[in-house]
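Both ligands and their constituent atoms are indexed starting at 1 by order of listing.
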Amino acid sequence: MNRKVIANWKMNFSLSEAIDFCRIITERYYKLPLAMDQIGYNFSSELIIAAPSPYLAYLVYLYPHISFAAQDVSDHETYGAFTGEISAKQLHSCGVNYCIIGHMERRLNFGEDNALVKRKSDACINAGITPIICLGDDVSQALRFDEKCIIAYEPKESIGTGVISGSSKLEEVFGGLKSMVAKTVNLVYGGSVNSSNLLVVKSVGSIDSIMLGGASLKIDELEKILNNW
Ligand code: PGA
């Protein structure tokens, strides 16, 4: 599905809160259990929840209509003596289909650089997971990534600040990105998106998908965004 809403929960919610949230959004957005005449109904957007790693296997098992992402992954492939790391192969074995890589918070707080982001992305692709690569203003980095990746533009000044980039800046950045990557690459905008400014982002034709931080923690807000994206 081309239009995606990526809910980046970051380090929020206990397991029981996460389960309740997924149950309520399943009832409201997917309207489950489905009535017979709704079976086969096409939802406008794919919901991808990037939940804390320890919850993923359980949430995948409980909520098959929702797609799940990890928020990070090891650059070491498969298995081995890397205490505390989680490999892409392990995430895949839990039914996880996506992984956010190189989020600005990881670049700023954990020193992740472009070389590490590329290794993590390759590890995901080799394990059958679609990487969601987060880029800041240096969008030319998109050229380094496989066409199986999703590319997210998340300007530092918009993450968690309530300040969204203007539509002319978004047109310029995403127009540039579109001309740089394969036609099939899904392009994401992230940074302070909420139900009030959603239309600004939606007006930019080359943006396929959105990533939400704060807005993804409020059920009413997420439901509104899902129904209007
Ligand atoms: P925000 O976060 O929506 O709270 O600005 C976005 C993100 O970190 O991806």
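If you look at H103 next to ligand 1, the close heavy atoms, those under 4.0 Å, all belong to the side chain.
Checking only distances, G213 does come within under 3.5 Å of ligand 1, N or O to N or O. Close N/O approach between T161 and ligand 1 is not found [any backbone or side-chain N/O within under 3.5 Å]. The shortest N or O to N or O distance between M211 and ligand 1 is not below 3.5 Å.
Near S158, with a cut-off below 4.0 Å to any heavy atom, the atoms of ligand 1 are 5 (O). Set against the non-hydrogen atoms of I159, the atoms of ligand 1 under 4.0 Å away are 5 (O), 8 (O). Atoms of ligand 1 found under 4.0 Å from any heavy atom of K10, numbered from 1 in the order shown, are 2 (O), 7 (C), 8 (O). Counting atoms of ligand 1 from 1 in the listed order, those under 4.0 Å from a heavy atom of G160 are 1 (P), 4 (O), 5 (O). Close contacts of ligand 1 with S192, meaning ligand atoms under 4.0 Å from a residue heavy atom, involve 1 (P), 3 (O), 5 (O).
Shown here for S192 and N197, the closest heavy-atom pair between the two residues is O-ND2, 2.8 Å.
The shortest separation from a heavy atom of M104 to ligand 1 is not under 4.0 Å, leaving the residue out of contact.
Ring pair W9/F13 is perpendicular by interplanar angle, where above 60° counts as perpendicular and below 30° as parallel. Taking the six-membered ring where the residue is Trp, Y189 and F174 present perpendicular rings, their angle passing 60° and hence far from 30°.
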- Query: Is there a side-chain hydrogen bond (donor to acceptor under 3.5 Å, both in side chains) between E77 and N126 once you walk through the steps?
  - Reply: CA-CA 8 Å; E77 293 188 22; N126 291 340; 3.3 Å; yes
- Walk me through it: do N97 and S67 pass the test side-chain hydrogen bond (donor to acceptor under 3.5 Å, both in side chains)? CA-CA 7 Å; N97 295 321; S67 300; 5.0 Å; no
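Taking OG of S121 as the start and CG of L116 as the end, the distance is 11.0 Å to the nearest 0.5 Å.
Protein heavy atom closest to atom 9 (O) of ligand 1, with residue, atom name and distance, is E154 OE2, 2.8 Å. Ranking the protein heavy atoms by distance from atom 4 (O) of ligand 1 puts G214 N, 2.8 Å first.
Taking the ring centroids of Y98 and F68, they lie at or beyond the 6.0 Å cut-off.
The backbone N or O of A88 sits nowhere less than 3.5 Å from a side-chain atom of K120 that would complete a donor-acceptor pair.
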